[in-house]
Amino acid sequence: IQLTQSPSLLSASVGDRVTLSCKGSQNINNYLAWYQQKLGEAPKLLIYNTNSLQTGIPSRFSGSGSGTDYTLTISSLQPEDVATYFCYQYNNGLTFGSGTKLEIK
Amino acid sequence: EVQLVESGGGLVQPGRSMKLSCAASGFTFNNYDMAWVCQAPKKGLEWVATISYDGSSTYYRDSVKGRFTISRDNAKSTLYLQMDSLRSEDTATYYCARHGYKGYYFDYWGQGVMVTVSS
């Protein structure tokens, strides 16, 4: 399954509601996770199984979706959220999206 | 606290071998499937290989089949990746990662180790 993330670059202001998209080439059956990777760091799990928040992750992060279309939402963007975000599917094979780089405007 | 600490990276010539290690602590290692994930410089993430909790099953991405071998020593809580016949396109940061308990995502990652394949 190929994953297409959009946009590839997103610039938003502190406090904005931000939505990142991930689209699969086939049905993902909700086996989708989201990762945050800050510069020079390892990826960090944010969301698994489409909408389950990993322990310790702030509640401003949420996930939704079904079928081939999935979304990561940050309800109120914070400066520390600057990072690249990757989606990842584990329904058929194990593949990552190409990432969305999130910047502060 | 879950910790995964990789070691063994560096510069290696094309065609040669290298072995990576990942020391795990803070959890019951032999309860979890484990994996290696790589990231080429300024590129995205790619799953490389997975080994089951007891070492009985292994899985590889096509590009490394027959060249890389994932293994584990549960007595030492250590994961390994033996990389043979290395190519320039294997140049990447390699992360050790733990598979989740509720699905085949990765819930914890090591800090990564750089492998550079160049003459």
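Residue numbers begin at 1 in each chain, while the letters A, B, ... track the order of the sequences.
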With sequence neighbours excluded, residues passing salt bridge (Lys or Arg N to Asp or Glu O under 4.0 Å) with R61(B): E46(B)
Are any non-hydrogen side-chain atoms of Q39(B) and F86(A) less than 4.5 angstrom apart? yes
When clusters are formed by joining ILVMFWY residues with side-chain heavy atoms under 4.5 Å apart, either directly or through shared neighbours, do [X] and [Y] land in the same one?
{"X": "W36(B)", "Y": "W47(B)", "answer": "no"}
{"X": "Y70(A)", "Y": "L53(A)", "answer": "yes"}
{"X": "M34(B)", "Y": "L45(B)", "answer": "no"}
{"X": "L10(A)", "Y": "I47(A)", "answer": "yes"}
{"X": "L11(B)", "Y": "M114(B)", "answer": "no"}

Could you name the residues of residues 90-105 of chain A that have a heavy atom within less than 4.5 Å of a heavy atom in chain B? Y90(A), L94(A), F96(A)
Quick check on the structure: residues of residues 17-32 of chain A within a heavy-atom distance below 4.5 Å of chain B, by number. none
Examine distances only and state if a side-chain atom of N49(A) and a backbone atom of K102(B) form a donor-acceptor pair shorter than 3.5 Å. yes
Under 4.5 Å from any heavy atom of chain A, what part of Y108(B) do you find: side chain, backbone, both or neither? side chain
Side chain, backbone, both or neither: which part of T50(B) has a heavy atom under 4.5 Å from chain A? side chain
Nearest heavy-atom neighbours spanning [X] and [Y]:
{"X": "Y105(B)", "Y": "A33(A)", "value": "CB-CB, 4.1 Å"}
{"X": "E41(A)", "Y": "Y95(B)", "value": "O-OH, 3.6 Å"}
{"X": "Y104(B)", "Y": "Y88(A)", "value": "O-OH, 2.7 Å"}
{"X": "A42(A)", "Y": "G110(B)", "value": "CB-O, 3.1 Å"}

In chain order, what residues pass the side-chain hydrogen bond (donor to acceptor under 3.5 Å, both in side chains) check against R60(A), with sequence neighbours excluded? D81(A)
Does a sphere of radius 6.0 Å around CD in Q111(B) hold more than 12 heavy atoms from other residues, nucleotides or ligands, not counting ones at 6.0 Å or beyond? yes
Greater than 12 external heavy atoms within 6.0 Å of Y60(B)'s OH: yes
Spacing of CZ belonging to R98(B) relative to CG belonging to L45(A), to within rounding of 0.5 Å: 10.5 Å
